[in-house]
Amino acid sequence: MGTGVVIVAAGSGKRMGGQRNKLWLPLAGEPILAHTVRLFATHPDIDEVVLVVSEADHAEVMALISAEKLPVVVTLGGAERQDSVRNGLASLSANCDYVLVHDAARPFVTRKQISDMINQVQQDQATIMAVPVKDTIKVVGVNGLVESTPARESLWAVQTPQAFRMSLLREAHQAAGKLGTDDAMLVEWLGHPVSIMHGSYENIKITTPDDLWFGEEILRKRKGE
């Protein structure tokens, strides 16, 4: 049973405040994108990697992939993240029975977590990585007033990768007809159960300058510095 991964890297990263895609910012001396792509492209349990990028980044991405000599297919993204994932799925071969969808701005997922997720999705057909929220969450109305306080023990912060049987995710994208906030939501709309795999608080998505600083600390910790 083959396993592919779609790495979504077609966003602009506006919240980082720079003039270019945040994925080119240096992390331990290399672009964030290089860390993420290398992790999946060299993983023994991954058979195919598709990297979805914007047209503006395409030439630079191709140069990076060529320099790294990584077995990666590069395709262009769409107007929305959901469109980009669908383009990525179309670039995977029929040999892939399962697919992982991952945000390129999360370079800290571990090789073991990837393997564990592949094992779990083969049992559950749809599984996502997540961690319990640490803070109390308030539901606030448009008037700025608190409407309710959900029970914290029922709330999880969702991460990537998310993993699915390929045929299930393709069906979910085809049937969606509207935008979801992640791929799991599309599968949920089909009425299919989605399981949780406990992730890590280190599996952050680099979104703001503070995240980049925290990411450097994560790498130093892992190197034992």
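Put simply, the side chain of Tyr98 does not reach to within 4.5 Å of the side chain of Met166, judged on heavy atoms. Within the 4.5 Å cutoff, the side chain of His173 has heavy atoms near those of the Gln82 side chain. Between Phe214 and Asp210, every side-chain heavy-atom pair lies at or beyond the 4.5 Å cut-off. A 4.5 Å side-chain heavy-atom check between Ile114 and Leu100 finds at least one atom pair inside the cut-off. Between Leu168 and His192 there is a side-chain heavy-atom pair separated by less than 4.5 Å. Counting heavy atoms from C-beta on, the side chains of Val5 and Val101 never come closer than 4.5 Å. For the pair Phe40 and Val109, the minimum side-chain heavy-atom distance is below 4.5 Å. Residues Leu39 and Thr110 have side chains not in contact (no heavy-atom distance under 4.5 Å, counting atoms from C-beta outward).
In terms of the side chain to side chain donor-acceptor pair (under 3.5 Å) criterion, residue partners of His43 (sequence neighbours excluded) are, by chain and number, Ser115. Every residue meeting the side chain to side chain donor-acceptor pair (under 3.5 Å) condition with Arg111, not counting sequence neighbours, appears here in chain and number order: Thr42. Remark: Asn119 engages no residue in a side chain to side chain donor-acceptor pair (under 3.5 Å) (not counting sequence neighbours). Not a single side chain to side chain donor-acceptor pair (under 3.5 Å) links Glu171 to another residue, sequence neighbours left out.
Under the 4.5 Å side-chain heavy-atom criterion for grouping Ile, Leu, Val, Met, Phe, Trp and Tyr, Val6 is connected to Val187 within one hydrophobic cluster. Under a hydrophobic clustering in which Ile, Leu, Val, Met, Phe, Trp and Tyr are joined whenever their side-chain heavy atoms come within less than 4.5 Å, directly or via other members, Val37 and Leu23 fall into the same cluster. Put simply, Val194 and Val131 are part of two different groups of oily side chains (I, L, V, M, F, W, Y) that touch within less than 4.5 Å, one to the next. Transitive grouping of hydrophobic side chains (ILVMFWY, heavy atoms separated by less than 4.5 Å) brings Phe108 and Ile7 into a common cluster. No single ILVMFWY cluster, assembled from side-chain heavy atoms under 4.5 Å apart, contains both Val8 and Val72.
One side chain, Asp211 or Thr208, offers a donor N or O that lies under 3.5 Å from an acceptor on the other. In this structure, a donor-acceptor pair under 3.5 Å is present between the side chains of Ser195 and Gln120.
Put simply, the residue from Leu212, Leu33, Thr207 that forms a side-chain contact (heavy atoms from CB on, under 4.5 Å) with Lys22 is Thr207.
Closest heavy-atom contact between Met129 and Gly199: CG-CA, 3.4 Å. The minimum heavy-atom distance linking Ile204 with Gly215 is given by the pair CD1-N, 4.3 Å. Among all heavy-atom pairs drawn from Val121 and Ala126, the shortest one is CG2-N, 4.0 Å. When every heavy atom of Gly4 is checked against every heavy atom of Leu92, the shortest pair comes out as CA-CD2, 4.2 Å. Here the closest non-hydrogen pair linking Thr36 and Ala104 is OG1-O, 2.7 Å. Taking every heavy atom of both residues into account, Ile32 and Pro107 meet most closely at CG2-CG, 4.1 Å.
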Next item on the list: Would you please test Leu27 and Leu219 for side chain to side chain contact (heavy atoms under 4.5 Å, CB included) and show each step?
Entry: CA-CA 9 Å; Leu27 177 66; Leu219 291 182; 3.6 Å; yes

Margin query: Would Gln162 and Thr127 count as a side chain to side chain contact (heavy atoms under 4.5 Å, CB included) here? Give the steps.
Written below: CA-CA 6 Å; Gln162 299 185 351; Thr127 187; over 6 Å; no

Sequence neighbours excluded and cut-off under 3.5 Å, please list the side-chain donor-acceptor pairs for residues 153-161, or say none.
unit_1: Ser154; atom_1: OG; unit_2: Ala151; atom_2: O; d: 2.8
unit_1: Gln159; atom_1: OE1; unit_2: Asn203; atom_2: ND2; d: 3.1
unit_1: Gln159; atom_1: NE2; unit_2: Ser200; atom_2: O; d: 2.8
unit_1: Thr160; atom_1: OG1; unit_2: His102; atom_2: ND1; d: 3.0
unit_1: Thr160; atom_1: OG1; unit_2: Asp103; atom_2: N; d: 3.1

Can you list, pair by pair, the side-chain donor-acceptor contacts under 3.5 Å of residues 134-148, counting residues two or more places apart and other chains?
unit_1: Lys138; atom_1: NZ; unit_2: Thr149; atom_2: OG1; d: 3.0
unit_1: Asn143; atom_1: OD1; unit_2: Leu145; atom_2: N; d: 3.0

Listing, residues 49-59 side-chain donor-acceptor contacts under 3.5 Å, not counting sequence neighbours, or none:
unit_1: Ser54; atom_1: OG; unit_2: Asp57; atom_2: N; d: 3.3
unit_1: Ser54; atom_1: OG; unit_2: Asp57; atom_2: OD2; d: 3.3
unit_1: Asp57; atom_1: OD1; unit_2: Trp24; atom_2: NE1; d: 3.3
unit_1: Asp57; atom_1: OD2; unit_2: Asn21; atom_2: ND2; d: 2.8

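Pairs of residues two or more places apart, or lying in two chains, that qualify as salt bridge (charged side-chain N to carboxylate O under 4.0 Å, His left out) and include a residue from residues 193-202 are Glu202-Lys221, Glu202-Arg222. Pairs passing the salt bridge (charged side-chain N to carboxylate O under 4.0 Å, His left out) check and including a residue from residues 90-101, sequence neighbours excluded, do not occur. Applying the salt bridge (charged side-chain N to carboxylate O under 4.0 Å, His left out) test to residues at least two apart or on different chains, the pairs with a partner in residues 31-53 are Glu30-Arg38, Arg38-Glu68. Sequence neighbours left out, the pairs with a member in residues 173-201 that pass salt bridge (charged side-chain N to carboxylate O under 4.0 Å, His left out) are Arg81-Asp183.
Taken to the nearest 0.5 Å, the CZ atom of Arg86 stands 12.5 Å off from the OG atom of Ser91. Interatomic distance, OG1 of Thr3 versus CD1 of Ile118, reported as 4.5 Å (0.5 Å rounding). In this structure, CD1 on Ile206 lies 8.5 Å from NE2 on His35, to the nearest 0.5 angstrom.
The main-chain N or O of Gln122 is never found under 3.5 Å from a side-chain atom of Arg165 such that the two would form a donor-acceptor pair. A donor-acceptor pair under 3.5 Å is formed between the side chain of Asn87 and the backbone N or O of Leu76. Of the possible polar contacts, one joining the Ser84 side chain to the Gly78 backbone as a donor-acceptor pair under 3.5 Å is found.
In the hydrophobic clustering (ILVMFWY side chains linked at under 4.5 Å, chained through shared members), Trp189 is joined by Met185, Leu186.
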